[in-house]
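Below: one structure in structure tokens.
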2 protein chains.
Amino acid sequence: MANSPTPPAPDDLLKLGNQLCFPFYAVSRQLTKAYQPYLQALGLTYPQYLVLLLLWEHERLTVKELGERLLLDSGTLTPLLKRMEQQQWLSRRRDPRDERSVVISLLPGGRALEAQACHIPAQMLAKVGLTLTELDALRTQLTHILTRLT
Amino acid sequence: MANSPTPPAPDDLLKLGNQLCFPFYAVSRQLTKAYQPYLQALGLTYPQYLVLLLLWEHERLTVKELGERLLLDSGTLTPLLKRMEQQQWLSRRRDPRDERSVVISLLPGGRALEAQACHIPAQMLAKVGLTLTELDALRTQLTHILTRLT
DNA sequence: AAAAAATAAATTGCGCACAATTAAACATTA
DNA sequence: TAATGTTTAATTGTGCGCAATTTATTTTTT
């Protein structure tokens, strides 16, 4: 049988094992490490991979749009995008119609990475040992929490 | 009814919304941000808070033991612990019986933070809007994934 | 006991994250 | 239209996180 809701034993609330936060923090970092061998082969970091996922789907996005989707601000994105620009994966230029915006456009070099990356999701799924059903359920829960937090 | 397992539509595998990784990455960062107001009031960063959670429970731990429990290495911990030492929250000294090890001991200043931190878990739980039952279930799943990844 | 291997921290270097500030362009209002 | 306010990126500064290397100590093997 499942355990009934743990009674809030006041002594234990500050133990690491009972924290809400730590499992997320730990899983997130270990997941990123698990991606590492695949991404390293492409010369990518994990957040750079996330940027490419969006550009493979959308081709052109402003820094603001990237930031909204990834929940990152320009303090993180600007230097990251500059590094990706140096690799010729994308271009950065001001929108002529609104000079405040910077449009990020996928370049051929960035598109070429897509073919090499297409096997990563399945390999990662196998690595964490989740079924598609479990994955879906988890994603639903996490998305719900994310909504509460943003 | 619950959705049946999404058939692996090959075109969609590289879309951000279908990634395993992103929800964890995003939730972890948003959770840390949600802790921020409470931790800032104590002058703590989030990983420093994790270190204190362990020291409140164990009083003395080596850097190695902290690293095993938090899944962090000395490259992260050493400078972090030095900053906490400067705040007089803990002390760092070599173990006389094995000069390779550094023992981290809780100081009165660090113990004093415990009383101020004891309300954080309940406040955070309310913030994310999870019941204790949901929290337990989620923690079980995450711990399982963590086991697969480490 | 001497040499080799293993262990624990520290160090170095790079890339995020993010708060806070700045600067430029655009929008709104008086 | 001039003044004010808003929006978008860039910049600055701090603190992780982690791979790779180095240093010191201990253990194991010859």
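Reminder, nothing fancy here: chain letters follow the sequence lines and each chain counts from 1.
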B/K33 NZ to C/dC18 P, straight-line distance once rounded to whole Å =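 For the pair B/K33 NZ and C/dC18 P, the rounded distance is 4 Å.
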Distance check: side-chain N/O of A/R83 vs OP1/OP2 of C/dC14, anything under 4.0 Å?
->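 So the side-chain polar atoms of A/R83 never come under 4.0 Å of the phosphate oxygens OP1 or OP2 of C/dC14.
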Whole Å only: how far is the CZ atom of A/R97 from the P atom of C/dA27?
->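 So the CZ-P distance, A/R97 to C/dA27, works out to 13 Å.
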On DNA chain C, check which nucleotide each of A/E99 and A/Y46 is closest to and give me the residue with the more 5' one.
->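 Result: A/Y46.
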Identify which one of B/R92, B/E59, B/H58, B/R93 satisfies the side chain to side chain donor-acceptor pair (under 3.5 Å) criterion when paired with B/S105.
->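 Testing each of B/R92, B/E59, B/H58, B/R93 against B/S105, the sole residue satisfying side chain to side chain donor-acceptor pair (under 3.5 Å) is B/R93.
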Can you label the angle between the A/Y46 ring and the A/Y35 ring as parallel, tilted or perpendicular, going by 30° and 60°?
->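 Ring orientation, 0 to 90° scale: tilted.
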Whole Å only: how far is the CD1 atom of A/I104 from the P atom of D/dT8?
->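 Interatomic distance, CD1 of A/I104 to P of D/dT8: 15 Å.
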Under 4.0 angstrom, heavy atoms only, what part of the nucleic acid is B/Q48 near: base, sugar-phosphate, or nothing?
->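 The answer is sugar-phosphate, as B/Q48 gets under 4.0 Å only of primed atoms, P, OP1 or OP2.
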Between B/P47 and A/Q40, just flag the one whose closest nucleotide in DNA chain D comes earlier from the 5' side.
->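 The 5'-side residue here is B/P47.
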To the nearest Å, give me how far apart CG (B/L71) and C1' (D/dG17) are.
->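 After rounding, the reported distance stands at 12 Å.
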Walk me through it: do B/K64 and B/E68 pass the test salt bridge (charged side-chain N to carboxylate O under 4.0 Å, His left out)?
-> CA-CA 6 Å; B/K64 178 183 164 61; B/E68 284 170 353; 3.1 Å; yes
Test item: A/D136 and A/T131 side chains (from C-beta on) under 4.5 Å apart, heavy atoms |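 The answer is no; the side chains never approach within 4.5 Å.
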Between P of C/dG15 and CD of A/Q86, the distance in whole Å =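 Computing the A/Q86:CD to C/dG15:P distance gives 9 Å.
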Collect all protein-nucleotide pairs involving nucleotides 9-11 of chain C in which both atoms are nitrogen or oxygen and the distance is under 3.5 Å.
unit_1: C/dA9; atom_1: OP1; unit_2: B/V63; atom_2: N; d: 3.4
unit_1: C/dA9; atom_1: OP1; unit_2: B/K64; atom_2: N; d: 3.3
unit_1: C/dA9; atom_1: OP1; unit_2: B/V102; atom_2: N; d: 3.2
unit_1: C/dA9; atom_1: OP2; unit_2: B/K64; atom_2: N; d: 2.9
unit_1: C/dA10; atom_1: OP1; unit_2: B/R92; atom_2: NH2; d: 2.7
unit_1: C/dA10; atom_1: OP2; unit_2: B/T78; atom_2: OG1; d: 2.6
unit_1: C/dA10; atom_1: N7; unit_2: B/S74; atom_2: OG; d: 2.6
unit_1: C/dT11; atom_1: OP2; unit_2: B/K82; atom_2: NZ; d: 2.7

Starting from P on C/dC18, measure out to CG on A/L80 and report it in whole angstrom.
->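 That distance rounds to 13 Å.
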Nearest-Å distance, CG (A/D98) to C1' (D/dT6)?
->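 Rounding to the nearest Å, CG of A/D98 and C1' of D/dT6 are 12 Å apart.
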